[in-house]
S.K.: 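So that we are looking at the same thing, I have put the structure below in structure tokens.
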Amino acid sequence: MQLVLLGGIIITVCAANPVQYLADRSFLADAVGKSAERMKTGRKNFSFHETQEVRLFMLGFNKKTQDASPQENTGGENKVFHFIKTHKKRCIAVVAAAAVLVAVIVPRKSRSASADLAYTQEKLGRRDIVNVYDGSGTINAADSYTVKSLVTGTVLTADFELGDSIEKGDILYTIDISDVENNLASAQLSVEQAQRNYDDIADMQNVRTRISGEVSSFAVAAGDAVQAGQTVATIRDTSVMLLAVDFPAAEAQSFVAGQAAQVMPDTTFETLNGTIRSVSGADPAGDASLMTCTVTIAVPNAGSLTTAQAAVAQVNGVSSLNSAHFTYQREETVVAAASGTVSELCVKEGSTVRQDDVILRITGKDLDKQTKNAADSLRAAELQMSSAEKTISHYTIDAPIGGTIVDKKVKAGDKLSANDTAMQNLCTIYDMSYLEMKLNVDELKIRALEVGQEVDITADAVPGETYKGVISSILVAGTTANGSTSYPVTVRIDDMGELLPGMNATAKITTASVKNVLALPNAALVRGSYVLVTKDSPSAANAETSMTAPDGYVYVKVTTGISDDDYIEVKSGLQEGDTIAYDNSSVSATDFYSTMMASAEGDDE
């Protein structure tokens, strides 16, 4: 007699090799196989362990207790009663399991191998086998979104109703922005001011001319240090020369701007055409009785006129009272706007430049610092305006997804305030372009599924209808609980029919199927890969001689394939014409395993 631990319960077995004895019982064969599988996956152990001590009490007393003196034994008995009292549920489970095992195992042991055991015999035949995964879950919309508000205020518009179909980007709500409009205007003004300041400071390194003309001279060279306000160049417009001469007031008072005039330089004595630019008021000149007016005449310069030359003029036959030197139409003394060092001269002396042309550049640490500070101020103003614009945008709430309005809690005229629950749920949108079903698939079955497999879906709420779906995703990030891991599988349903989000549904997925193959009942498989056949079967020639079989039978090793709830495919080891045998009246492995696991889980509590 030896003790064997079965599913967390120690039982007594009268056999030389208890593990071999229990494994040979057809009603335990499946349990043994499942035990090994559960051990590999980290679940509660369901296994067989031998012990050499034949006198161990099955609830944990050791050999030392059995060998003690009578006085010690008396204490041991008290410990037994105390243990039973404090572990009542465990003891009840042990007694119940022992009763079942005595009823089943002992009678079998009492029979000899040649006893009249009630075996069911069956000719090995062919059939179709379909392996189907069954799972349940809830129907969901393809996507859903609960619209929230990030701002407070009065809802001005909410132009939609329950059941309306909307497109992504449609305006759902507008909220009064009067409280924040001024903030945006102020931010825009700050940006404009900062931009002007930056432009002015950044341009201080560029020394520009305010007139068009000729670069008469530079007062500095590249590498020279300059101070703000220092003269750096002279620009003169020589395209037109001006001559200011006096005329008698009586005649000059009839002169008008734009009137033609003739100019005679005193060096060439040629006559040049000009135009009256202006006529000044009458002033006494010389004799008090003689009044004069100064007339300014513009003369186009082909390049020969200079300020060193003098000339007289004539208008309508009236000659000027004096001669005068030519002057430049425009002349500018260019000064540096900032201190620094001349980095380059951008034009040469004598070059013709236009208004706002850069004639030289200045660099320096102080100038760079001013430019950087101005750039930082501009960036800060832009960020402030961006924030104000973003805040303004929150007052118009667009649909984040397209779909159907399934809930509307806020309407036009409602006021949204801080910490208001309504701000967290203005309305809800379901994308009903298709539906999805989520399944949590056990780790032992997940490898049989793959993206693209077809799924048959039924729902109690829609009796008599079966809908088609397809596996759209299988996530590798599983969830582990109680030593078992499950993986999320998503099924897409395009043909929705009367299915609605929230309905409970069942999914059936054909994971494998074979047609017209040799198949034997699942109950006929012993120790995972052996089958009992009659000695007159063709495959009896391949008998496993190391295993002892009942009279008239032998064990044959087989290779199996896929299975369903009742039958399993035979790939090799048997052939048509074989007669298989199995104990159909024995306790089913599934029921026995479930009972043992339930007992173990109850003990853990």
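All values derive from a computational prediction rather than experimental measurement.
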S.K.: So, does E332 use its side chain to make a donor-acceptor pair with the main chain of R210 at under 3.5 Å?
M.R.: yes
S.K.: If every non-hydrogen atom of C427 is compared with every non-hydrogen atom of Y173, which pair is closest and at what distance?
M.R.: CB-OH, 3.9 Å
S.K.: Please identify each residue that fulfils side-chain hydrogen bond (donor to acceptor under 3.5 Å, both in side chains) with S572, with sequence neighbours left out.
M.R.: T559
S.K.: Within the structure provided, determine whether V489 and I446 are in side-chain contact (heavy-atom separation under 4.5 Å).
M.R.: yes
S.K.: Within the distance-only criterion (no hydrogens, no angle test), does the side chain of Q227 pair as donor or acceptor with the backbone N or O of S339 below 3.5 angstrom?
M.R.: no
S.K.: List the atom pairs, donor and acceptor, that lie under 3.5 Å between side-chain atoms in residues 391-405 and the rest of the protein, sequence neighbours left out.
M.R.:
residue: T391; atom: OG1; partner: S387; partner atom: O; Å: 2.9
residue: S393; atom: OG; partner: K390; partner atom: O; Å: 2.5

S.K.: Do V441 and Y133 make a side-chain contact, defined as non-hydrogen atoms from C-beta onward lying under 4.5 Å apart?
M.R.: yes
S.K.: Mind checking what makes salt bridge (charged side-chain N to carboxylate O under 4.0 Å, His left out) contact with D376, not counting sequence neighbours?
M.R.: K372
S.K.: Within a radius of less than 6.0 Å around CD of Q230, do more than 12 heavy atoms belonging to other residues, nucleotides or ligands occur?
M.R.: yes
S.K.: Any salt bridge (charged side-chain N to carboxylate O under 4.0 Å, His left out) pairs touching residues 482-495, not counting sequence neighbours?
M.R.: R492-D494
S.K.: Could you tell me the separation between the CD1 atom of I471 and the CE atom of M437, rounded to the nearest 0.5 Å?
M.R.: 11.0 Å
S.K.: Using the side-chain contact (heavy atoms from CB on, under 4.5 Å) criterion, which residues pair with S212? Sequence neighbours excluded.
M.R.: R354, Q355
S.K.: Return a table of donor-acceptor pairs under 3.5 angstrom between the side chains of residues 150-169 and protein atoms on other chains or two or more places apart.
M.R.:
residue: T157; atom: OG1; partner: T174; partner atom: N; Å: 3.4
residue: T157; atom: OG1; partner: T174; partner atom: OG1; Å: 2.4
residue: D164; atom: OD2; partner: E161; partner atom: N; Å: 2.7

S.K.: Check the pair Y198 / T371 against side chain to side chain contact (heavy atoms under 4.5 Å, CB included), numbers first and verdict last.
M.R.: CA-CA 7 Å; Y198 172 77; T371 303; 4.1 Å; yes
S.K.: Looking at side-chain heavy atoms only, is the closest gap between V226 and V342 below 4.5 Å?
M.R.: yes
S.K.: To the nearest 0.5 Å, tell me how far R127 CZ sits from Y567 OH.
M.R.: 4.0 Å
S.K.: Quick check: closest heavy atoms across L435 and M496, and the distance to 0.1 Å?
M.R.: CG-SD, 3.4 Å
S.K.: Kindly write out the residues that satisfy side-chain hydrogen bond (donor to acceptor under 3.5 Å, both in side chains) with Q195, not counting sequence neighbours, or none if the list is empty.
M.R.: D199
S.K.: Is V334 close to T231 at the side-chain level, that is, under 4.5 Å between some pair of heavy atoms?
M.R.: no
S.K.: Could you pull out all donor-acceptor pairs under 3.5 Å where a side-chain atom in residues 507-522 meets a protein atom, sequence neighbours excluded?
M.R.:
residue: T511; atom: OG1; partner: N131; partner atom: O; Å: 3.2
residue: T511; atom: OG1; partner: N131; partner atom: OD1; Å: 2.8
residue: N522; atom: OD1; partner: I568; partner atom: N; Å: 3.4
residue: N522; atom: ND2; partner: D564; partner atom: O; Å: 3.2
residue: N522; atom: ND2; partner: D565; partner atom: O; Å: 3.1
residue: N522; atom: ND2; partner: D566; partner atom: O; Å: 3.4

S.K.: If a pair satisfies side chain to side chain donor-acceptor pair (under 3.5 Å) and one of its residues is in residues 462-478, list it, with sequence neighbours excluded.
M.R.: D456-K468, S473-T490
S.K.: Grab the two heavy atoms, one from A194 and one from S377, that are nearest each other, plus how far apart they are.
M.R.: CB-O, 4.0 Å
S.K.: Could you grab the distance from atom CG of L499 to atom CG of N140, nearest 0.5 Å is fine?
M.R.: 11.5 Å
S.K.: Taking all non-hydrogen atoms of both residues, which atom of A477 and which atom of P488 are closest, and how far apart?
M.R.: O-CD, 3.5 Å
S.K.: Distance from Q188 atom CD to E389 atom CD, nearest 0.5 Å?
M.R.: 6.5 Å
S.K.: Looking at N373 and Q370, would you say the former's side chain and the latter's main chain have a donor-acceptor pair under 3.5 Å?
M.R.: no
S.K.: Could you tell me which non-hydrogen atom of L444 sits nearest to which non-hydrogen atom of D442, and how far apart they are?
M.R.: N-OD2, 2.8 Å
S.K.: Can you name the one residue among D203, D356, D357 that meets salt bridge (charged side-chain N to carboxylate O under 4.0 Å, His left out) with R208?
M.R.: D203
S.K.: Please round to the nearest 0.5 Å and tell me the distance separating atom NZ of K408 and atom CD1 of I429.
M.R.: 12.0 Å
S.K.: Do we see a donor-acceptor contact under 3.5 Å between the side chains of N482 and S484?
M.R.: no
S.K.: Taking the side chain as C-beta and beyond, is there a heavy-atom pair between T428 and K409 under 4.5 Å?
M.R.: no
S.K.: Could you list the residues that satisfy side-chain hydrogen bond (donor to acceptor under 3.5 Å, both in side chains) with R379, not counting sequence neighbours?
M.R.: none
S.K.: Provide the closest heavy-atom pair for L475 versus Y487 in the form atom of the first, atom of the second, distance.
M.R.: O-CD2, 3.6 Å
S.K.: Assess the residue pair I359 and L345 against the criterion (side chain to side chain contact (heavy atoms under 4.5 Å, CB included)); give the C-alpha distance rounded to whole Å, side-chain angles, the decisive distance to 0.1 Å, and a yes or no.
M.R.: CA-CA 6 Å; I359 61 173; L345 300 179; over 6 Å; no
S.K.: Check whether any side-chain heavy atom of Y145 sits under 4.5 Å from a side-chain heavy atom of D143, and report yes or no.
M.R.: no
S.K.: Please report the C-alpha distance between V455 and V470 in whole Å, then the side-chain angles of each, then the deciding distance to 0.1 Å, and finally whether the side chain to side chain contact (heavy atoms under 4.5 Å, CB included) criterion is met.
M.R.: CA-CA 5 Å; V455 184; V470 64; 5.8 Å; no
S.K.: Is there a side-chain contact between N440 and T479, using heavy atoms and a 4.5 Å cut-off?
M.R.: no
S.K.: Should D460 and N504 be marked as a side chain to side chain contact (heavy atoms under 4.5 Å, CB included) after you check the CA-CA gap, both sets of side-chain angles, and the distance that decides it?
M.R.: CA-CA 7 Å; D460 291 341; N504 296 314; over 6 Å; no
S.K.: For the atom pair NZ (K445) and CG (L439), what is the distance rounded to the nearest 0.5 Å?
M.R.: 11.5 Å
S.K.: Can you confirm whether N197 sits close enough to Q193 that some side-chain heavy atom of one is under 4.5 Å from a side-chain heavy atom of the other?
M.R.: no
S.K.: For K571, give me all partners under side-chain hydrogen bond (donor to acceptor under 3.5 Å, both in side chains), at least two apart in sequence or on another chain.
M.R.: none
S.K.: List, one per line, each side-chain donor-acceptor pair under 3.5 Å for residues 360-369, sequence neighbours excluded.
M.R.:
residue: R361; atom: NE; partner: N206; partner atom: OD1; Å: 2.9
residue: R361; atom: NH1; partner: E344; partner atom: OE2; Å: 3.0

